[in-house]
Number of protein chains: 2
Amino acid sequence: MSTDLTRSAILTAAEQLYAERSFGEVSLRDIVAAAGVNLAAVNYHFGSKDELLAELFLSRATALNRERFAELKAAEAAGGGRTEPRAILRALAGPPIRWCLGADRQRSAAARFMTRASVETVPPIRKIVERDISHLRRFADALRRALPERDEVDIYWGLHFALAMIRQTITDSNRLRKLSGDLCDLDDVDAIIERIVSVAGFALSAQHAPTGQPATVSTRR
Amino acid sequence: MSTDLTRSAILTAAEQLYAERSFGEVSLRDIVAAAGVNLAAVNYHFGSKDELLAELFLSRATALNRERFAELKAAEAAGGGRTEPRAILRALAGPPIRWCLGADRQRSAAARFMTRASVETVPPIRKIVERDISHLRRFADALRRALPERDEVDIYWGLHFALAMIRQTITDSNRLRKLSGDLCDLDDVDAIIERIVSVAGFALSAQHAPTGQPATVSTRR
DNA sequence: GATAGTTTCATACAATAGTTTGAAATGCAA
DNA sequence: TTGCATTTCAAACTATTGTATGAAACTATC
């Protein structure tokens, strides 16, 4: 046992392929070919294709959350009793954006895979995602503490929108680049993070229109 | 020919199934079973599975864009020479959110399918999506005209973030509901739209911090 | 009502999927 | 070395996939 080279070769190959193509498009034979191992190795080491996917997802999710929490704790420590909301948002957005748009290719695959997993709900992953929202709860709690006077509803919506912008920026950066005619600089990772943090910060702390007045287009004028 | 009941039965059944499950998880046999038609009917009427998917996507995308453009034109007409940016954003966000979170079940499936299609990039759809960003360009142009003094980059990012929030709200409304302990009211469609419009409006028109200097929310004047 | 054209149907086909198998190869302790 | 457990391998297996086929059922025109 020990290093289990085959195991990790399969994991990284699967991650690489899943980062590019859809789950349904990647077969076990594709994975083992990329990993340079035998077909039966997957079932030997992981039991089944679904279990491979589950373990891969769990491993990467843990790594991502670890990094997020580290930044969150650092921000809370730096802020003393009163943590800045934007620092919390930065801990949420920073790691995945850096992983994905940054220079590090290895992590890019990880982030892309994670994003696909969060979107393309396939049974083995769905179970894990649905069950585990504890990491989000932790960020929600931190934001509540940082903004005690704000309505809880705004906190949750702000968090929701922050996740939205992170995800979209990772998955659809190409469309943005194309649409803007290369005007939007997707290499300046820090600027992107700050932009997301800025908008999410507004979502958290601004007064939003109540139910009554806005009205739909059809009833408008 | 005439009504072609079988054809549309297949289309709506496929839409329904694709709205719930991933593309890879839905087989032709699932579709024809749900539609109550023979297996061979798909190939007879559409040629292949991919062509069915492409036609379905094109049809729904056209319907969604038609509705968006109608609202956009109405907003531009109402605004005279100077269209309100928020009205433009409302034309972008209103239709899909109403389709998906509103009472109409039929359209809910359409919107959910569209969202999956925009995320889960499968070859037959990918080709269409990559080729056609003209509808987005139309919204970008409208926003540029409405905000001539603003930096184009902010326009594109604002549009990008608006799409992000729309998508996330459609796909992950359940998680938001759960995370907030039912505090976030996902039945109040108009309030949701206004919230998205509000935040996207900020993204469009606010000054965002450059790379080096992360600014706080309060620096906005 | 016969006929030509369209649509539906049960069924078969070839390809690919994930999984299993049992033998060969390998690593390691005695 | 021998012996035993682990790991790898080529091959086969079963199920499911999208697609193709040809006969049957239907529709409408003459």
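Quick note on labels: first sequence line is chain A, next is B, and so on, each numbered from 1.
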Taking for A/Glu25 and for A/Gly47 the nucleotide of DNA chain C with the nearest heavy atom, the one nearer the 5' end belongs to A/Glu25
[X] [atom1] to [N] [atom2], straight-line distance once rounded to whole Å:
X: B/Lys49; N: D/dT16; atom1: NZ; atom2: P; answer: 15 Å
X: A/Leu28; N: D/dT14; atom1: CG; atom2: C1'; answer: 15 Å
X: B/Asp4; N: C/dT7; atom1: CG; atom2: C1'; answer: 9 Å
X: B/Leu5; N: C/dT7; atom1: CG; atom2: C1'; answer: 12 Å
X: B/Asn38; N: D/dA24; atom1: CG; atom2: C1'; answer: 12 Å
X: A/Asp50; N: C/dG18; atom1: CG; atom2: C1'; answer: 10 Å
X: B/Ile10; N: C/dT8; atom1: CD1; atom2: P; answer: 8 Å
X: B/Phe23; N: D/dT17; atom1: CZ; atom2: P; answer: 17 Å

Toward the 5' end of DNA chain D, by each residue's nearest nucleotide, A/Val37 or A/Arg29:
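In this pair, the answer is A/Val37.
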Quick check on DNA chain D: between A/Leu39 and A/Tyr44, whose nearest nucleotide comes earlier from the 5' end?
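That would be A/Tyr44.
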OP1 or OP2 of [N] versus the side-chain N and O atoms of [X]: is any pair under 4.0 Å?
X: B/His45; N: C/dT6; value: no
X: A/Ser48; N: C/dG18; value: no
X: A/Ser27; N: C/dA17; value: yes

Checking [Y] against [X]: is there a side-chain donor and acceptor pair closer than 3.5 Å?
X: A/His45; Y: A/Thr6; answer: no
X: A/Arg175; Y: B/Ser118; answer: no
X: A/Ser48; Y: A/Glu51; answer: yes

Could you give the distance from CG (A/Asn43) to CG (A/Leu39), rounded to the nearest 0.5 Å?
7.5 Å
Sidechain-backbone polar pair: A/Asp30 side chain, A/Ser27 backbone, donor-acceptor under 3.5 Å:
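Flag set: sc A/Asp30 to bb A/Ser27 pair under 3.5 Å.
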Using a heavy-atom cut-off of under 4.0 Å over every strand shown, decide if B/Ala40 touches base, sugar-phosphate, or nothing.
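Base: the residue B/Ala40, judged by heavy atoms under 4.0 Å, touches a nucleobase.
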